[in-house]
Amino acid sequence: MSTPNLVEAFYSRIWNQGDLAASSDPLAKDFRFRGSLGSELRGLDAFCEYVRSVREALAEYNCEILDCVTEQNKAFAKMHFSGVHVAKWRGYQPTGKRVRWLGAALFRIEDELISELWVLGDLIGLDAVLKANANSK
């Protein structure tokens, strides 16, 4: 699987469809993940719990790849994240409103599997949307 297809499959199957059983397909067993929303996680179980927590707070969660650049064993993707805020998240009570924010993801690929991922999201922009939604209830 080529790197762009691997990145696309990662977001489509695991994040957008919530198919956590598919995590062992594109991810290395010792997968390392550092997201904007928390500390570094190691292993598939910890990562799947993180995905589950985000998807429980944000119904219809969706990651859209806006651009993806690859070089050797790395890929860098510009991302658009969104979902409907249905559970307490980031200190905000659910509003039932859609939230959207931008971010970027840096992947490291080893043996045709994603071995490491760092995600940098616009948390200031996200919190501004969450706060505006909470104030407009």
Side-chain angles (χ1 to χ4, degrees):
M1 182 179 294
S2 70
T3 299
N5 288 342
L6 191 61
V7 171
E8 176 64 35
F10 169 79
Y11 282 113
S12 175
R13 292 183 68 195
I14 296 171
W15 281 103
N16 296 348
Q17 296 172 26
D19 183 1
L20 299 181
S23 65
S24 61
D25 291 343
L27 303 179
K29 288 182 182 178
D30 60 345
F31 175 65
R32 291 184 311 179
F33 175 78
R34 172 130 175 95
S36 301
L37 304 176
S39 59
E40 184 172 304
L41 305 173
R42 288 185 169 262
L44 299 180
D45 290 340
F47 173 70
C48 287
E49 185 55 38
Y50 179 86
V51 172
R52 197 175 290 111
S53 71
V54 172
R55 289 181 52 81
E56 286 173 357
L58 299 175
E60 301 173 25
Y61 188 74
N62 188 63
C63 300
E64 177 186 4
I65 300 170
L66 302 174
D67 197 8
C68 187
V69 179
T70 62
E71 183 176 305
Q72 297 174 1
N73 70 331
K74 293 190 171 125
F76 184 78
K78 179 181 175 184
M79 304 294 305
H80 183 245
F81 307 105
S82 65
V84 178
H85 185 200
V86 296
K88 187 174 181 179
W89 191 55
R90 297 191 50 75
Y92 293 92
Q93 294 299 321
T95 62
K97 296 182 181 180
R98 182 162 294 279
V99 295
R100 297 170 192 225
W101 71 102
L102 293 171
L106 178 60
F107 294 81
R108 188 164 51 90
I109 313 299
E110 292 179 0
D111 299 323
E112 297 187 30
L113 295 172
I114 300 169
S115 60
E116 183 177 9
L117 172 59
W118 278 59
V119 178
L120 304 170
D122 176 11
L123 297 185
I124 292 172
L126 171 60
D127 285 342
V129 170
L130 291 167
K131 183 176 182 179
N133 286 351
N135 290 335
S136 69
K137 281 176 81 174

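- Within a 6.0 Å radius of CH2 in Trp15, other residues, nucleotides and ligands contribute more than 12 heavy atoms.
- Minimum heavy-atom separation, Ile65 to Ala77: CG2-CB, 4.4 Å.
- We find the CG-CD distance between Asn62 and Gln17 to be 10.5 Å, quoted to the nearest 0.5 Å.
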Q: I would like to know whether Leu66 and Glu64 meet side chain to side chain contact (heavy atoms under 4.5 Å, CB included); could you show each step before the answer?
A: CA-CA 6 Å; Leu66 302 174; Glu64 177 186 4; 3.7 Å; yes

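- For the atom pair Arg42 CZ and Phe31 CZ, the distance stands at 11.5 Å (nearest 0.5 Å).
- How far CG of Asn5 is from OG of Ser12: 11.0 Å, rounded to the nearest 0.5 Å.
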Q: Show the numbers, then the answer: is there a side chain to side chain contact (heavy atoms under 4.5 Å, CB included) between Val119 and Met79?
A: CA-CA 9 Å; Val119 178; Met79 304 294 305; over 6 Å; no

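- Looking only at distances, a side-chain donor or acceptor of Ser136 sits under 3.5 Å from a matching main-chain atom of Ala132.
- The structure places CH2 of Trp89 at 6.0 Å from CG of Leu130, a figure rounded to the nearest 0.5 Å.
- When side chains are defined from C-beta on, Ser115 does not count as touching Asn73, because their heavy atoms never get closer than 4.5 Å.
- Residue Glu56 comes nearest to Val86 through the heavy atom pair O-CG2, 3.5 Å, listed as atom of the first residue, atom of the second, then distance.
- Only one option out of Phe10, Phe47, Phe107 pairs with Phe33 in a ring pair (Phe, Tyr, Trp, His ring centres under 6.0 Å); it is Phe47.
- Clustering ILVMFWY residues whenever any of their side-chain heavy atoms sit less than 4.5 angstrom apart, transitively, puts Val84 in a cluster other than the one holding Tyr92.
- Side-chain contact between Ile114 and Ile109 is present, with heavy atoms from C-beta onward closer than 4.5 Å.
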Q: Check the pair Arg100 / Val129 against side chain to side chain contact (heavy atoms under 4.5 Å, CB included), numbers first and verdict last.
A: CA-CA 8 Å; Arg100 297 170 192 225; Val129 170; over 6 Å; no

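- Within the 3.5 Å criterion, the main-chain N or O of Leu120 finds no donor-acceptor partner in the side chain of Arg34.
- Contact annotation: the side chain of Leu58 approaches that of His85 to within less than 4.5 Å [non-hydrogen atoms, C-beta and beyond].
- The CZ atom of Arg32 sits 5.0 Å away from atom CZ of Arg108, with the distance rounded to the nearest 0.5 Å.
- Between Arg52 and Glu49 there is a salt bridge, since a side-chain N of the basic residue sits under 4.0 Å from a carboxylate O of the acidic one.
- Side chain of Thr70 to backbone of Ala75: no donor-acceptor contact under 3.5 angstrom is found.
- Atom-to-atom distance recorded for Leu117:CG and Leu27:CG is 8.5 Å, nearest 0.5 angstrom.
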